[in-house]
Amino acid sequence: MGFNIAIDGPAGAGKSTIARRTAQELSFIYVDTGALYRALAVFLVDEGISPEDTEKVGEAVKSVKVSIAYENGEQQVLVNGKNVTSRLRAEAVGNMASRVSAIPAVRAALLDLQRDLAKAHDVLMDGRDIGTNVLPEAELKIYLTASVETRAERRYKELQEKGEKKDFSAIKEEIEKRDYQDMTRAIAPLKQAEDAVYLDTSHMNIDEVVEAIKKLYRERK
Ligand code: C5P
């Protein structure tokens with residue numbers, strides 16, 4: 001049984017950057033669970049299945065095999081053996097993931113994979129329901145968040161650096177919509193676990209957040 005760190009929080013809080021860095025510094029395996037939902041979303045998009053057709057989505061995901069591998073320390077996600085990692089960050093895929101992640105069969109399809117990884121290794125896993133649902137016994141739980149304004153600014157800068165132009169208010173609106181979807185769904189909604197440490201990163205840089213998590217780990221190990 002490994003030491004498990006669960007990091008949950010809303011879209012754009014910097015979870016993956018921080019989780020990746022912290023895991024590397026602690027020599028933990030980093031599991032980006034959003035990527036698993038995104039991988040199923042890629043599959044559904046390719047199959048032309050509508051997120052509204054919950055029955056069809058449920059049927060389809062039952063026969064899909066999602067697995068992960070690591071290439072130069074980077075998580076790769078495979079769907080039925082095919083590496084779909086390069087397609088995961090597309091906006092349409094993120095939106096599809098957010099919509100279908102509310103369907104119980106979708107969550108069930110990914111649960112064992114996540115738990116098996118945590119059993120076998122020291123893992124730092126990030127997502128929306130890791131501390132509340134996937135790894136309720138995790139030794140350290142963090143709820144990582146930042147104001148909507150800050151998250152939208154970060155996303156705006158990130159897109160700018162990639163040379164993509166997008167209206168700030170449109171980004172902010174999308175973040176609010178995603179928050180709403182993730183926090184109000186009936187099954188495994190995004191919320192802070194009772195025993196999670198609340199970390200608001202609005203006024204912290206990446207180094208400070210990584211240090212804060214490492215300090216919490218040292219206190220608990
Ligand atoms: O974190 P990321 O933006 O990659 O996640 C994409 C979507 O997958 C989220 O909006 C959320 O709806 C869903 N998700 C989830 N549970 C997780 C991780 C992600 O429902 N543990």
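Counting starts at 1 for both ligands and their atoms, following the listed order.
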- Message: Below the 3.5 angstrom mark, is there an N/O of Arg185, backbone or side chain, next to an N/O of ligand 1?
- Response: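 Yes: some nitrogen or oxygen of Arg185 is under 3.5 Å from one in ligand 1.
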- Would you say ligand 1 has an N or O under 3.5 Å from any N or O of Thr33?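 Yes, Thr33 has an N/O under 3.5 Å of an N/O on ligand 1.
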- Message: Treating Thr145 as the side-chain partner and Asp200 as the backbone partner, does any N or O pair qualify as donor plus acceptor under 3.5 Å?
- Response: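 Judged by distance alone, no pair lies under 3.5 Å.
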What atoms of ligand 1 come closer than 4.0 angstrom to any heavy atom of [X]?
X: Asp182; result: 9 (C), 10 (O), 11 (C), 12 (O)
X: Asp129; result: 16 (N), 17 (C), 21 (N)
X: Arg38; result: 2 (P), 3 (O), 4 (O), 6 (C)
X: Ser98; result: 10 (O), 12 (O)
X: Ser101; result: 11 (C), 12 (O), 13 (C), 20 (O)

- Closest candidate by heavy atom, reference atom 1 (O) of ligand 1, pool Lys15, Arg99, Met125, Arg128: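 The option holding the nearest heavy atom is Arg128.
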- Who gets closest to atom 7 (C) of ligand 1 by heavy atom: Ala102, Ala97, Ala188, Gly12?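 Shortest heavy-atom distance from atom 7 (C) of ligand 1: Ala97.
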- Message: Under 3.5 Å, is there a donor on one side chain and an acceptor on the other for Thr132 and Asp8?
- Response: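 No, no side-chain donor-acceptor pair sits under 3.5 Å.
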- Query: Going by atom types only, do Tyr30 and Arg21 share a side-chain donor-acceptor pair under 3.5 Å?
  - Reply: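 Side chains of Tyr30 and Arg21: no pair found under 3.5 Å.
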- Message: For atom 16 (N) of ligand 1, what's the nearest protein heavy-atom neighbour? Residue, atom name and distance, please.
- Response: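 Minimum-distance protein heavy atom for atom 16 (N) of ligand 1 reads Arg107 NH2, 3.0 Å.
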- Message: For atom 8 (O) of ligand 1, what's the nearest protein heavy-atom neighbour? Residue, atom name and distance, please.
- Response: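 Of every protein heavy atom, Tyr37 CB, 3.6 Å lies nearest to atom 8 (O) of ligand 1.
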For residues 58-65, tabulate all N or O donor-acceptor pairs below 3.5 Å that involve a side-chain atom, not counting sequence neighbours.
from, atom 1, to, atom 2, distance (Å)
Glu59, OE2, Lys62, NZ, 3.3
Ser63, OG, Ala60, O, 3.1

- Query: At a non-hydrogen distance cut-off of under 4.0 Å, which region of Gln181 contacts ligand 1 (side chain, backbone, both, or neither)?
  - Reply: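 It is neither part, as no heavy atom is under 4.0 Å.
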- Message: With a heavy-atom distance limit of 4.0 Å, tell me whether Met183 approaches ligand 1 through its side chain, its backbone, both, or neither.
- Response: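 Answer for Met183: neither.
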Show me the donor-acceptor pairs within less than 3.5 Å that the side chains of residues 10-18 make with the rest of the protein, sequence neighbours left out.
from, atom 1, to, atom 2, distance (Å)
Lys15, NZ, Gly9, O, 2.8
Lys15, NZ, Pro10, O, 3.2

- Between Tyr217 and Phe28, is the gap from one ring center to the other below 6.0 Å?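 Ring centres of Phe28 and Tyr217 closer than 6.0 Å.
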- Taking the non-hydrogen atoms of Gln114, is any one of them nearer than 4.0 angstrom to ligand 1?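 Contact check Gln114 vs ligand 1: negative.
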- Could you walk me through whether Tyr70 and Gln76 pass the side chain to side chain contact (heavy atoms under 4.5 Å, CB included) test, one step at a time? CA-CA 6 Å; Tyr70 290 87; Gln76 308 289 313; over 6 Å; no
- Message: Nearest 0.5 Å, please: how far is OG1 in Thr85 from CG in Leu78?
- Response: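 Output value for this atom pair is 6.5 Å.
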- In Å and rounded to the nearest 0.5 Å, what is the NZ to CG distance from Lys82 to Asp46?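 CG of Asp46 is found 6.0 Å from NZ of Lys82.
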